[in-house]
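Both ligands and their constituent atoms are indexed starting at 1 by order of listing. All figures in this text were calculated on a predicted structure; none of them were measured in a lab. Numbering of residues begins at 1 and proceeds along the displayed sequence.
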Amino acid sequence: MKIYVVGLGPGERAQMTQRAYDVLNESEVIAGYDVYIDLIRKDFAHKKLVSTPMKKEAERCRLVIEEALLGQTVAMVCSGDAGVYGMAGLMFEVAQEYEPVEIEVVAGITAACSGAAVLGAPLIHDFAVISLSDLLTPWEKIEKRLACAADGDFVLCLYNPSSKKRHDYLQKACDIVLRYRSSQTVCGFVKNIGREGQTGQLVSLSQLRDTAVDMFTTVYIGNSQTRQINGRMVTPRGYREVR
Ligand code: SAH
C-alpha cells in the first residue's frame, strides 16, 4: 500500500529517470491526465491505467488514495516534475482526509530544464519560473511577480504561456517586462520538448511579444546579460570575468 507521485519528464522515454521507470513497473495502478497516460501507454500497457480528464485534480487524488487503501501500489503521473505545477502538493493535502498512507514523490526533469537544454544555456544564473495561468492564481499577482522578477534582472521562464481563453497573456507579460528590459533582450521558446514536433526558436523580446505560442510551449526571457552565441541562448555566469 503506497502512493508514488511521479514526474515523467518532458515526454520521451529517454528523458524519464530510471527511478520513475522502476516505480511505474512496481505499481499495479497508474493514474493521470489522459495526455500523460498516453505517453506511457506503450511501455505499461499491462498495468491498470486510469486516465482522468483535466480539471478534476482533487477527484483524481481521491481515486488514487482509495485504490492505495485497498492495498495496492499506485502511481500518479505528471509531466516534467510532479512538484512543479504538478500534483504532488494536492496529493498530500487530500490525503489528510484519509487514514495514513505512504506517499513518495519521484522527481522528473521539469520543462524549464529540458527546454533550456534545447535552446542552449539560458538559465545558468538566478532565474524565476512563473506560470501565466490565472486559473488558480489571480492575474494581478502574476503581474506583480513578473514585474518584481523583471526588476530583479532574473532570467524568466514562463509556463502555461497561452491557452484558448488566454491568447494574449504572453503579450501582456512581455509588456510588463519591457518596462524593465530592452526590446532587444534575447528570448526563446520551445514547443513540444521531448515530443514529436519539438521546435526551439530564439527571438528578441519585442518579437516574442508578437509571437503566438500554445500551451505546449515553455518561454524564456533572458536577463540583461543573456546573449546569442552561434544561434544558442546563453546567459553568462561570469566565469570569464573572474580573475
Ligand atoms: N509539471 C510540469 C509542468 C506542468 S504546467 C513540469 O514540471 O514540466 C504545464 C506547462 O509546462 C505547459 O503549459 C508548458 O509551459 C510546460 N511544459 C510541460 N511539458 C512541456 C513540453 N513537453 N514541452 C513544452 N512545454 C512543456
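Annotation: salt bridge (Lys or Arg N to Asp or Glu O under 4.0 Å) contacts of Arg209 (sequence neighbours excluded): Asp175. Partners of Asn192 according to the side chain to side chain donor-acceptor pair (under 3.5 Å) rule, which considers only residues two or more places apart in sequence or in another chain, do not exist here. Partners of Asp153 under the salt bridge (Lys or Arg N to Asp or Glu O under 4.0 Å) rule, at least two apart in sequence or in another chain, are Arg181.
Ring centers of Phe154 and Phe127: at least 6.0 Å apart, outside the cut-off.
Residue-level contacts of ligand 1 at the 4.0 Å heavy-atom threshold are Pro10, Ser79, Gly80, Asp81, Val84, Tyr85, Thr110, Ala111, Tyr159, Asn160, Pro161, Val190, Asn192, Ile193, Arg195, Met215, Phe216, Thr217, Thr218.
Relative to the six-membered ring of Trp139, Lys144 misses at least one condition, a distance below 6.0 Å or an angle of at most 45° to the axis.
A salt bridge does not link Lys2 to Glu26: none of the charged nitrogens lies less than 4.0 Å from a carboxylate oxygen.
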